Participant: 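This is the structure I have questions about; it appears just below.
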Amino acid sequence: MNKKRKLQKLSVLVPEASLALTKKRLQELEKLTSESSTLANSLGAIVQKLRMPIKSSGHIFPTIDHNFNFLIQSLGTDSGLIQKKYSIGAANTQIGVAYIESITDIELISTQVITPLLQRNIQKKTAAKLLEEIQSKFIAALDVKTAFFNKEIPTALLNGTTVLFLDGVSSALLISSRKIEKRPISVPNNEGTTLSSQESFTEDLNTNCSMLIRRLPTEALRFEAFTVGTLSQTKSKLVWLEGITNPYLIDEARRRLNRIDIDIVDGIGALGGLISDNPFSLFPKYKQTQRPDVVALSLTQGKFAILCNNSPFAFSAPTGFWDNFKTMDDYAEQTINASYLRLARILAFFISIFISPLYLAFVTYNQIIVPPNLAANITVGRLGVPFPSAVELLLMTFIITIIREAALRIPGTVSYFVGSLAAVVLGQAVVSAGYISASIIIIVAVSEIAAFAVSSTNLVSTSRLLNYLLILLSGIFGMFGLINGIVIICWHVVSLKSFGVPYVYPIIPFDSSTIRDVFTRLGITTNRLRILAPFNRKKSSTK
Amino acid sequence: MLINITLAVTMLNMFSELLKTFFNPHTPLIVILLSLVSVACLIISGEFLVFARTVQILTVIGIFNFLLSFIFAFPNYIHIEYVIPIFDTSWSGFIRGTLFMTGAASESLLLLMLIIKFIPQPQKHLLWVINGIIACALIFSLAILVIISMMSPELAKRIAFGGVNAAQLIQIGEFIRGLEVFIFGTYQFIAIGKTALYLYCTWTTAKKIFPGCNAKLMLVLAGLTILGAALWLNSYTKAYFLAVNLASYVLLPFSLFVLLLALWAGLKKQKTEV
C-alpha cells in the first residue's frame with residue numbers, strides 16, 4: 001500500500017501542486033501584472049501631463065486675475081515673475097503688468113510704460129479702444145505687438161518681454177523690454193593678427209549682425225532667422241550675399257538648419273556639428289571664426305555664414321582645406337611677404353604631421369639617408385633609453401598633448417608656470433634620467449610648435465591625430481608604411497566635401513583662375529571660385 | 001579579367017621585390033602584399049570620382065617628388081654624353097621607341113574602355129585622353145633619360161629599379177644622400193595606383209559576370225584573388241618576364257588597336273556630320 005502510494009503523483013495527494021492548476025494561476029498572475037503595468041503607465045502619463053507646464057491654446061482671458069493665475073501655473077512661483085495691477089484714467093480702468101525681473105529692463109518699463117499711463121489723463125472709452133490708444137499714444141517703447149492667445153505669453157515673458165493686460169479685453173500688449181547683459185567688443189584672442197581689425201564677435205546676436213552690416217552696407221546682404229533647439233530656442237541667423245552666393249548652397253544650408261531636431265544648441269560648435277558634412281572626419285569642414293572681417297570677406301567670396309545667439313563665433317562654409325592657411329593679415333601685408341608667410345604656414349602644417357614619422361622611418365628602417373655624424377649623435381643620445389623610438393615618440397607626443405590641455409584649463413598665470421615647468425624642468429629631467437632621448441624631445445617640440453603656426457585652431461587637433469597614425473605606420477613598416485598612410489590621407493581628403501564643394505578645391509578639381517590665392521597671395525584675384533559663385537564670378541562687377 | 005589579375009600580380013611582385021631588396025628585407029612578403037592590396041581596395045571602394053581624384057593628387061605628388069629628388073643630380077651626376085648616342089638611331093627604331101612609350105599608358109586604356117559609357121560626351125573628352133597619353137609618355141621618357149644620363153644606357157638596360165639605383169648614386173656633401181628613400185615613394189604611388197586600377201577593372205568585370213552578388217564582397221574576393229596569385233608567383237624574375245610579354249604582345253597591340261578604333265570612329269562621325 002505504501003509502495004503504491006509512493007508511486008502516485010504529488011498532485012493526487014496535494015491538489016494545489018497540480019501542474020495545470022499552477023499554469024492557470026501563473027497565467028492569471030501574468031494577466032494581472034500586465035494589467036497593473038498598463039495601469040501604472042497610464043497613471044504615470046497622467047502625472048507627467050499634470051506636471052507639464054500648461055499649454056493653453058485658448059484666447060487670453062478677459063480678466064487680469066485669470067491671466068495672472070494662468071501665468072503662475074505656467075511658469076511657477078519662483079521664476080522671478082512680477083505681476084502688478086494699476087488703475088488708470090478717470091474711470092479707474094484696471095491694467096495688469098507682468099514681467100520676469102531678472103531679464104527685463106525695469107527702468108524702461110517704469111519710465112516708458114507705467115509712468116505715462118499713470119500720469120496722463122485717459123478718457124473713458126470701451127476697453128478694446130482703450131488698448132489701441134495705449135499702444136498708439138502712451139507707450140514710447142518701439143517694439144510693441146498685440147497677442148491674442150495664451151500660449152504666446154509665457155514664451156514672450158521668457159524672452160524679456162513685458163505683458164500688459166487690460167481688464168475686459170481678450171488680448172494683451174507685448175512690449176519688448178529685454179535687458180541685454182553683454183560684454184564689450186574685445187580683441188580676437190584665438191585669431192590674433194598684427195595689421196588687421198582687432199574686433200571679435202560677442203555673445204549677442206544683434207551686435208554680431210551689426211558688425212557685419214557695418215562691413216557690408218549693401219542691400220545684397222541677407223539675413224534669415226532660425227530658431228534651433230526645442231528647449232534652448234537658440235536664435236541663429238543665416239547670412240549671405242544675394243546675387244553672389246550660389247543659391248543651391250543657401251537652399252542646402254536652409255534645409256540642414258530646418259532638419260535640426262535636438263533639445264539644446266549652445267553655440268556655433270554644436271550647430272556646426274549638426275549641419276556639417278561627414279562629422280566623423282578629422283578635417284574641419286567649416287570655419288569657426290571670432291573675426292567679423294573674416295566672415296565679411298568670406299561672404300564676398302560666395303560663402304555663407306551662420307551667427308548664433310550666445311556664441312562669440314561665426315560658422316562660415318563651405319570651407320576648403322586651403323582656407324585654413326589664410327589669415328586677414330595676408331590681405332593687409334605686401335604681396336611677397338604675405339605669400340611667404342602663407343607658404344610658411346602650409347609648410348608648418350606638413351612639418352607638424354610628417355616630421356615625427358619621417359624621423360622614425362629614418363632612424364629605424366631607412367638609416368641610409370641619415371648623415372653619419374648625425375647618426376652617431378642620435379645613437380649616443382639613445383644610449384640607455386629603455387624604449388624603442390616609436391614608443392618614445394608616441395609617449396612624448398601624448399605627454400605634450402596632456403601638458404597643452406592642462407595649460408589651457410588651468411586659470412590665469414598658473415598656466416604659464418605649468419607650461420614652463422613642463423617644457424624646461426620635465427623635458428630636461430626625462431633626458432637626464434635617460435627615459436627619452438634628446439632628439440625625440442626636439443622632434444616632438446618642432447612638430448607641436450609647427451601645428452600651432454596654422455591659422456585655424458580646428459586644424460591643430462587634426463594634425464596631432466594624423467601624426468599618431470603616421471607614427472604608428474612608420475614605426476611598423478618604415479617609409480613603406482608612411483607612404484601608405486599618405487595615400488590613405490590623400491584618398492580621404494579628396495573624398496571630403498563641404499556643403500557639396502570638394503574639400504581640396506581649387507587644386508582638385510583644378511580651377512586655374514583662382515590659383516594665385518591658394519599657396520600664395522600674388523595680387524588681388526579678380527575672380528570668385530566657380531563652384532561658390534557660379535553666376536557672379538567677377539569681383540569688380542558686384543553691385 | 002585574367003589580363004588585369006596578371007598585370008596586378010606582376011606589379012605587386014616587382015614592387016615587393018624592390019621593397020625587400022632596398023628597404024624592408026625582413027618584412028614578410030604576405031604583409032607587404034596585404035598592405036598594398038588593402039590600400040588599393042580602400043581607394044576604389046568609394047565613388048569612382050574619388051578614385052580618379054586620388055590618382056590625380058598622387059600623380060602630382062609623385063612627379064614633384066621625383067623631380068625634386070633628381071634635381072640634386074645636376075650637374076655632377078648628369079653625363080650628357082650618355083644621352084646623345086640614344087638619338088643616333090634609325091627611323092624604325094625611333095617609331096618603335098615612340099610606340100613603346102605611348103604604350104606606357106596602355107593599361108589606362110583598359111579602364112577607359114570600361115568607363116567610356118559613363119562619360120556623357122566621350123568625343124568631347126577625346127583630347128584629354130590623347131593629352132594624357134602624351135603627358136605620360138613624356139614623363140616616363142624624361143625619367144628614363146635622367147636615369148640613362150646618370151648610369152649610361154648599357155648599365156641602365158641591365159639593372160632593375162633604375163630610378164632607385166640612380167638616386168643611390170647622388171651624394172652632395174655630408175647631408176644630401178640616400179635620396180632613393182624619396183624616389184621609392186614615387187614607385188610606391190605607381191604600384192598602388194596601378195594595382196588599384198587593375199583591381200577596379202577586375203572587380204567591374206566580376207560584377208558583370210556575377211550580377212546580383214554583393215559588390216563589396218566581390219571587391220574583397222577580387223583583392224584576395226590577386227593577393228593569392230601574387231603570393232603563388234612570388235618571383236621578381238617571373239613577374240618581369242610576364243610583364244614584358246604582356247606589354248609586347250597584349251597591351252601594346254591592344255592600345256594601338258583601341259587608338260585606331262577611336263580614330264576610325266571619330267573620322268566616321270565627322271563624315272556623317274558633313
Side-chain angles (χ1 to χ4, degrees), chain A residues 278 281 321-322 350 354 357-377 469-470 472-497 500-511 515 518-519, chain B residues 15-16 18-20 22-27 31-32 34-36 38-47 49-62 65 69 167-168 170-193 195-196:
Chain A
N278 203 347
S281 167
F321 177 68
W322 309 109
F350 288 110
F354 291 116
L358 270 176
Y359 169 84
L360 190 59
F362 292 164
V363 299
T364 51
Y365 285 88
N366 311 101
Q367 298 91 345
I368 187 75
I369 200 165
V370 186
N373 291 343
L374 186 62
N377 280 344
L469 170 79
L470 294 179
L472 275 174
L473 285 172
S474 69
I476 298 167
F477 295 115
M479 204 64 184
F480 172 64
L482 179 59
I483 292 163
N484 274 340
I486 292 172
V487 174
I488 293 168
I489 292 170
C490 286
W491 165 76
H492 177 63
V493 168
V494 296
S495 69
L496 291 177
K497 281 180 180 175
V501 178
Y503 196 55
V504 274
Y505 180 72
I507 300 300
I508 288 174
F510 190 67
D511 185 350
I515 204 77
V518 177
F519 298 112
Chain B
F15 177 75
S16 53
L18 161 72
L19 184 67
K20 282 180 81 70
F22 286 93
F23 306 105
N24 291 35
H26 305 298
T27 309
V31 176
I32 296 168
L34 188 65
S35 319
L36 289 169
S38 306
V39 174
C41 279
L42 186 74
I43 62 175
I44 62 165
S45 59
E47 288 176 61
L49 188 70
V50 174
F51 169 47
R53 284 180 177 167
T54 310
V55 171
Q56 195 180 358
I57 201 167
L58 292 181
T59 307
V60 174
I61 300 172
N65 177 42
S69 302
Q168 239 179 352
I170 302 169
Q171 185 172 356
I172 300 172
E174 268 293 298
F175 274 85
I176 310 272
R177 48 185 273 146
L179 294 177
E180 66 270 23
V181 175
F182 293 112
I183 293 296
F184 159 77
T186 303
Y187 273 77
Q188 191 169 336
F189 286 158
I190 295 170
I192 291 174
T195 310

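Just so it is clear, the model here is predicted, and its values are computed rather than measured. In the text below, chain A, chain B and the rest are named by the order of the sequence lines, each starting its count at 1.
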Participant: With only heavy atoms counted, which part of A/F477 is less than 4.5 Å from chain B, the side chain, the backbone, both or neither?
Facilitator: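 Both parts, backbone and side chain.
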Participant: Checking A/N484 against B/S35: is there a side-chain donor and acceptor pair closer than 3.5 Å?
Facilitator: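 A/N484 and B/S35 do not have a side-chain donor-acceptor pair below 3.5 Å.
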Participant: Please state whether the side chain, the backbone, both or neither of B/Q168 comes within less than 4.5 Å of a heavy atom of chain A.
Facilitator: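 Neither part.
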Participant: Look at A/P509, A/G481, A/G478 and state which one has the largest set of heavy-atom pairs under 4.5 Å with chain B.
Facilitator: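 Result: the option with the highest number of such pairs is A/P509.
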Participant: Tell me every residue that passes ring pair (Phe, Tyr, Trp, His ring centres under 6.0 Å) with B/F189, counting only those two or more places apart in sequence or in another chain.
Facilitator: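 For B/F189 there are no ring pair (Phe, Tyr, Trp, His ring centres under 6.0 Å) partners, ignoring immediate neighbours.
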Participant: Which residue out of B/V50, B/V181, B/L42 racks up the most heavy-atom pairs below 4.5 Å with chain A?
Facilitator: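 Option with the greatest count: B/L42.
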Participant: Heavy-atom distances under 4.5 Å only: say whether B/Y187 touches chain A with side chain, backbone, both or neither.
Facilitator: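 B/Y187 has no heavy atom closer than 4.5 Å to chain A.
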Participant: With rounding to the nearest 0.5 Å, note down the distance linking OG in B/S69 to CD in B/E180.
Facilitator: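 Reported to 0.5 Å precision, the distance equals 10.0 Å.
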Participant: Would you please indicate yes or no on a ring centroid separation below 6.0 angstrom for A/F519 and A/W322?
Facilitator: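 Yes.
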Participant: For B/S45, is it the side chain, the backbone, both, or neither that has a heavy atom closer than 4.5 Å to a heavy atom of chain A?
Facilitator: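 The side chain, not the backbone.
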Participant: Relative to chain A, which segment of B/I43 carries a heavy atom at a distance below 4.5 Å: side chain, backbone, both, or neither?
Facilitator: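 Contact with chain A involves both backbone and side-chain atoms of B/I43.
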Participant: Taking only distance into account, with no hydrogens and no angle test, what donor-acceptor pairs under 3.5 Å do side-chain atoms of residues 363-375 of chain A form with protein atoms, sequence neighbours excluded?
Facilitator:
residue: A/T364; atom: OG1; partner: A/L360; partner atom: O; Å: 2.4
residue: A/Y365; atom: OH; partner: A/I476; partner atom: O; Å: 2.5
residue: A/N366; atom: OD1; partner: A/M479; partner atom: N; Å: 3.3
residue: A/Q367; atom: NE2; partner: A/T364; partner atom: O; Å: 3.1

Participant: Which bit of B/I57 is near chain A, if near means a heavy-atom gap under 4.5 Å: side chain, backbone, both or neither?
Facilitator: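 For B/I57, heavy atoms of backbone and side chain both lie under 4.5 Å from chain A.
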Participant: Looking at A/I507, A/I486, A/I483, A/V504, which makes the most heavy-atom pairs under 4.5 Å with chain B?
Facilitator: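 Between A/I507, A/I486, A/I483, A/V504, the count favours A/I483.
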Participant: Centres of the B/F184 and B/F23 rings: under 6.0 Å?
Facilitator: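 Ring centroids of B/F184 and B/F23 are less than 6.0 Å from each other.
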Participant: Looking at A/S281 and A/N278, would you say the former's side chain and the latter's main chain have a donor-acceptor pair under 3.5 Å?
Facilitator: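 No, the answer is negative, given that no donor and acceptor are paired below the 3.5 Å cut-off.
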Participant: Please identify, among B/V39, B/L49, B/T27, the residue contributing the most non-hydrogen atom pairs under 4.5 Å to chain A.
Facilitator: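 With the most close heavy-atom pairs to chain A, the winner is B/V39.
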